[in-house]
There are 2 protein chains.
Amino acid sequence: MTEAEYLANYDPKAFKTVLLTVDAVLFTYHDQQLKVLLVQRSNHPFLGFWGLPGGFIDEYCDQSLEEAVLRKLQEKTAIVPPYIEQLCTMGNSRRDVRGWSVTVCYTALMGYQACQVQIDSVSDVKWWPLEDVLQMPLAFDHLQLIEQARERLTQKALYSLVPGFALAEPFTLPELQHVHEVLLGKPIQSKSFRRRVEQADLLIDTGLKRTERGRPANLYRLKPDTASYRFLRNLEC
Amino acid sequence: MTEAEYLANYDPKAFKTVLLTVDAVLFTYHDQQLKVLLVQRSNHPFLGFWGLPGGFIDEYCDQSLEEAVLRKLQEKTAIVPPYIEQLCTMGNSRRDVRGWSVTVCYTALMGYQACQVQIDSVSDVKWWPLEDVLQMPLAFDHLQLIEQARERLTQKALYSLVPGFALAEPFTLPELQHVHEVLLGKPIQSKSFRRRVEQADLLIDTGLKRTERGRPANLYRLKPDTASYRFLRNLEC
DNA sequence: TCAATAGTGTCTTTAAGACAATATATA
DNA sequence: TATATATTGTCTTAAAGACACTATTGA
C-alpha cells in the first residue's frame with residue numbers, strides 16, 4: 001500500500017478519543033506577594049470551582065500547542081505574557097470524569113495588571129495570592145500543576161533571573177530581590193544578589209529612580225535573553 | 001443542568017480528533033559512545049524510516065502517560081529503564097500528515113544490553129550511535145526530540161550524576177566520568193569529578209575492582225536518589 | 001538630625017581548576 | 001622495570017556569605 005492509499009483509507013474519528021487541553025499557571029508579583037491567575041468555571045465538570053485558564057485545542061484556529069495556550073491567555077488577560085515555558089503534561093484516565101484526559105501545562109510570568117472577564121466560558125477571572133490558592137479546592141488536578149510550577153520557579157530563583165518577568169517594568173533591584181526571596185522563603189544577602197546581577201549583565205538601567213521611603217532606587221528593565229541565562233552557581237540560601 | 005445530566009448528554013466522539021502518542025528517547029553508553037534506541041517503522045507514514053519507540057495510548061490498557069511509554073519501551077527492550085523523565089510535548093498541525101498531532105516525549109536511560117524485535121508493528125530495533133543519528137533522516141520530528149533530549153542530558157552532566165543511569169552496573173568512576181565527558185564534549189579534571197562524587201555520596205562501593213590495562217578501578221552502583229540530586233555548582237568545563 | 005532604605009567594601013569560606021605526585025595493575 | 005591507568009595532595013582561583021560601612025532621600 002502506498003502512503004496515498006493509506007491516507008485515503010484513514011479515518012481519524014475511528015481512532016482515539018482522548019480529551020486534550022492546554023492550561024497555564026500564570027504568575028505575577030503584586031503587593032509584595034506572588035499571585036496566580038485563576039478563572040471560575042461556568043461549565044461542568046467542576047462548575048463553580050476555580051481553576052487554571054486553558055481549554056481545548058481549536059484544531060482549525062491553533063497551529064501549535066503554544067499558540068493555543070497563548071490564545072487562551074489572551075482571551076483572559078488581553079495580553080501576551082513576556083515569559084512562557086512548557087511545564088509538564090498530565091495525562092491519565094482518572095483526572096476527568098469524562099474519560100482519559102491530557103493537559104499540556106505551561107508556566108507563564110507577567111507584570112501585574114488588573115484583568116477582567118473577556119469571554120463567557122468563565123464567570124470570573126482573578127489574581128489570587130499563591131499562598132491562599134495552595135489551600136483552596138481547585139478544579140481537576142490544577143493544584144498539583146500550580147505546586148509543580150511553583151517548585152520549578154523556585155529552582156529558577158536559585159540560578160537565573162527569570163522571576164523578574166513577574167515584575168512590571170521598570171522595577172527596582174530590591175523589588176527583584178524580593179521576588180526571589182518570596183520564592184525561596186528566605187532572605188538573600190543583597191551584596192551577593194547585586195554581584196550576580198551585575199555579572200550577568202541582564203538589566204538595562206533606565207536612568208530613572210523611584211523613591212518610596214529612604215534612598216531612591218534605580219529602575220531597570222530586563223534584557224530579553226534573561227529568559228535563557230543561567231548562573232554557574234546556585235544561591236545557597 | 002446537574003453534572004449527571006451533563007455527562008449523560010456528553011459524547012466524547014463528538015469532540016476533538018487530535019492524534020495522541022507517547023515517544024521515548026532512550027539513551028545508553030556502549031563502546032565509549034552514547035547510543036539511542038530506534039525502531040524501523042513498518043507502517044505509514046514514514047514507512048521504512050527509523051524513529052523513536054512509542055505509539056498511541058491504549059485507553060483501556062494504560063492508566064497514565066508514563067505507564068503508556070513504559071509499556072512501549074518494554075515491548076521493544078523487555079526492560080523497564082532505571083531512569084525516565086518527561087522531556088516535552090510537541091503538538092501542532094504540521095508534524096503528521098494525518099492531521100493535528102501531539103506527542104508526549106520522555107527521556108530514558110539504561111545500561112547497555114542487546115535488544116531484538118519483540119513485536120510486529122516495527123521491522124527492526126537497534127541501538128544507533130548518537131552522532132550518526134544526528135545526521136540521519138528520521139520519522140516525524142524525532143530528530144528534534146533527540147536533539148532536545150541530548151541538550152537536556154548535557155545540562156544534567158554539569159550539575160548531577162544522572163548520566164550514570166546510562167551505564168550497566170557495576171561501573172568504574174572513570175567510566176562515569178567518560179559518559180559526562182562525551183556529553184560535554186570536553187575533558188573533565190578527574191580530581192574535580194571525584195571530589196564531587198565523594199561529596200554527593202551517591203555511589204555505593206561494591207568492593208569489587210575491574211582491571212583493564214593499568215591500575216584496577218573500583219566498581220560502584222548508583223543509589224536511587226541519584227535521580228534527584230543536584231550539585232549547587234556546575235562544572236565549568 | 002534621624003529614620004529608612006539603597007548600595008558598597010572587604011574579609012571569610014567553599015568548591016572548582018590545574019597539575020604534580022603516588023598507587024597498583026600487566027607485560 | 002616500564003607502561004598504563006587509577007587515585008590523591010595541594011596550590012590557585014572564582015564566586016558566594018557575612019556584615020560593617022557609606023549614600024541619599026523625606027520627615
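Chain naming here is simple, since letters A, B, ... match the order of the sequence lines and numbering starts at 1 in each.
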Across the strands shown, which category fits [X] at heavy-atom distances under 4.0 angstrom: base, sugar-phosphate, nothing?
X        : value
A:Arg194 : base
A:Gln189 : base
B:Leu235 : sugar-phosphate
A:Arg196 : sugar-phosphate

Check the phosphate of [N] against [X], side-chain N and O only, distance under 4.0 Å to OP1 or OP2. Yes or no?
X        : N      : value
A:Arg195 : D:dA15 : no
A:Arg215 : C:dG7  : no
B:Ser192 : C:dG17 : yes
B:Arg233 : C:dT14 : no
B:Gln199 : C:dA15 : yes

- Do B:Asp23 and B:Lys72 sit within salt-bridge range, that is, some charged N less than 4.0 Å from a carboxylate O?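 B:Lys72 and B:Asp23: not salt-bridged.
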- Task: Would you confirm whether the ring centroid of A:Phe231 sits within less than 6.0 angstrom of the ring centroid of A:Tyr229?
- Result: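 Ring-ring flag for A:Tyr229/A:Phe231: true, centres closer than 6.0 Å.
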- Under 6.0 Å between the ring centres of A:Tyr29 and A:Tyr112? no
- Nucleotide of C:dA18, D:dG17, C:dT10 approaching A:Lys191 most closely (side-chain heavy atoms):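 Nearest listed nucleotide: C:dT10.
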- Task: Using a 4.5 Å cut-off on heavy atoms from C-beta on, say whether the side chain of B:Leu37 contacts that of B:Val125.
- Result: yes
